[in-house]
Engineer: 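A single structure is presented below for examination.
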Protein chains: 2
Amino acid sequence: MLTRPATTKEKLMRTAMDIVAGDGFAAATTAHIAERAGFAEGTLYRHFKSKDELLIAAYRQLKADVFDRVSAETGNATDPKARLAALWRDMWTVYAADMSAFIFGQRFAESALSKAEGGAAHERMIGHIRGIIEDGQKAGLVRQAPPETLVAFFFPPLVAMLKQRVQGRAWSEAEIEAAIEMAWASWTG
Amino acid sequence: MLTRPATTKEKLMRTAMDIVAGDGFAAATTAHIAERAGFAEGTLYRHFKSKDELLIAAYRQLKADVFDRVSAETGNATDPKARLAALWRDMWTVYAADMSAFIFGQRFAESALSKAEGGAAHERMIGHIRGIIEDGQKAGLVRQAPPETLVAFFFPPLVAMLKQRVQGRAWSEAEIEAAIEMAWASWTG
DNA sequence: GTCTATACAGGGATAGAC
DNA sequence: GTCTATCCCTGTATAGAC
């Protein structure tokens, strides 16, 4: 979902994603998706049982791709702070390079479809950072707060900054550096 | 929008809000809204030009109500840390008491309608916390980072914790206290 | 202000030929 | 696998009586 779509199925998913990101779920009609992907409407139903299934498949694929990309690049670092920084930068890089994917992910997560999806795709990413947190707590570097709280000071600020980037806010390297410092400061106190 | 609806107009807005919060925007049809509010479908159009206008009006009203409630309670505190804590607690109290309003706000903000709304309603709340930040920076208590960055370590973690609350996560007083400490730690380093 | 009835368009999904 | 044609239903909005 992050690379250029090759198959018809991928093209349909990618197109749906772009439409949702650009004009919202209401604009993502089967007619619109098929037309913009360059296929007939009937073709869509040869690849997906329903429109909702198409959107859910696109979301799952997106999350899987992001997870793979991020966990492939991170992982070498040893101390918790370096791992936090690496994960932040990886996610930033991936989403900044594909704002359409980022916006789609946000919108999907707030839609009623996320109920049907279950949220399993997102859980893996949470597990990733939980590992960093728990190692840091064992080493006595990270404060003894519930992991959920610590996670709330990692992803949400990152996402908020990406959202501002969508609106045109340019972030310098120094500002990103500072944000990572702030996340770490919240973890350590 | 946070108190019990009195007029027909308010009843329609409140019902629309509850439906969106419960089953998403797709479920908020004019027929469904009118029926659940106890009116005929045609009545809706005596109070609003369109369905979208109804939803936008509900969002604006909600944001205005939350802003009034929060700024009425906060304001007495003097030092930045106490003001941060007071604002956090106020917002927590308001939204925790009305999860439907909270979810509607989140969903609306990620919908295409937010484009038409403009985001002015949300800006006032941002302005509120910016005041705290700038005073803190002048006093040399808060780090010299861009206010946008500091805001990203206030609202987003708070919202993330409220979202978990919606999912059934119970937060103790001590945990909320700790979260406020973490927000402050991120601001001071 | 509210209701009933209705017009009208648009959207999801299927059938069947190629 | 893909396209064309089509069905049916739902959703928005209006007209007009009470």
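The sequence lines fix the lettering, A, B, ..., with proteins before strands; numbering per chain opens at 1.
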Engineer: With a 4.0 Å cut-off on heavy atoms, is A:Thr30 in touch with a base, just the backbone sugar-phosphate, or nothing at all?
Structural biologist: base
Engineer: Whole-Å distance between C:dG11 C1' and A:Lys51 NZ?
Structural biologist: 8 Å
Engineer: Calculate the interatomic distance between B:His32 atom NE2 and D:dT12 atom P; express it in whole Å.
Structural biologist: 12 Å
Engineer: Quick one: is C:dA13 close enough that its OP1 or OP2 comes under 4.0 Å of any side-chain N or O from A:Tyr45?
Structural biologist: yes
Engineer: Could you tell me how far apart B:Glu35 (CD) and C:dT4 (P) are, to the nearest whole angstrom?
Structural biologist: 12 Å
Engineer: Whole angstrom is fine here: how far is it from CG in A:Leu113 over to C1' in C:dG12?
Structural biologist: 14 Å
Engineer: Between C:dG1 and B:Thr8, is there an OP1 or OP2 to side-chain N/O distance shorter than 4.0 Å?
Structural biologist: no
Engineer: For D:dT12, does OP1 or OP2 lie under 4.0 Å from any side-chain N or O of B:Ser50?
Structural biologist: no
Engineer: Between B:Arg169 and B:Glu175, does any side-chain N to carboxylate O distance fall below 4.0 Å?
Structural biologist: yes
Engineer: Would you call B:Arg89-B:Glu173 a salt bridge at under 4.0 Å N-O?
Structural biologist: yes
Engineer: Just compare D:dC3, C:dC3, D:dT12 and give me whichever is closest to any side-chain atom of B:Ala40.
Structural biologist: C:dC3
Engineer: Between B:Leu54 (CG) and D:dT12 (P), how many Å, whole number?
Structural biologist: 11 Å
Engineer: Any idea which of D:dT2, C:dG11, D:dT12 is nearest the A:Phe39 side chain?
Structural biologist: D:dT2
Engineer: Let me know the distance between CG of A:Leu44 and C1' of D:dT4, rounded to the nearest Å.
Structural biologist: 16 Å
Engineer: Would you tell me if any nitrogen or oxygen in the side chain of B:Thr43 comes within less than 4.0 Å of OP1 or OP2 on C:dC3?
Structural biologist: yes
Engineer: Of A:Ala31 and A:Arg46, whose nearest nucleotide on DNA chain C comes first from the 5' end?
Structural biologist: A:Ala31
Engineer: Which of these, B:Ile129, B:Leu158, B:Ile180, sits in a side chain to side chain contact (heavy atoms under 4.5 Å, CB included) with B:Leu87?
Structural biologist: B:Ile129
Engineer: Under 4.0 Å between a side-chain nitrogen and a carboxylate oxygen: does that hold for B:Arg130 and B:Glu148?
Structural biologist: yes
Engineer: Less than 4.0 angstrom between a side-chain N/O of B:His47 and OP1 or OP2 of C:dT2, yes or no?
Structural biologist: yes
Engineer: Between P on C:dG16 and CD on A:Glu41, what's the gap in Å once rounded to a whole number?
Structural biologist: 18 Å
Engineer: Could you check, using the six-membered ring where one of them is a Trp, whether B:Phe153 and B:Trp187 have ring centers closer than 6.0 angstrom?
Structural biologist: no
Engineer: What is the distance from CZ of A:Phe25 to C1' of D:dG11, rounded to the nearest Å?
Structural biologist: 19 Å
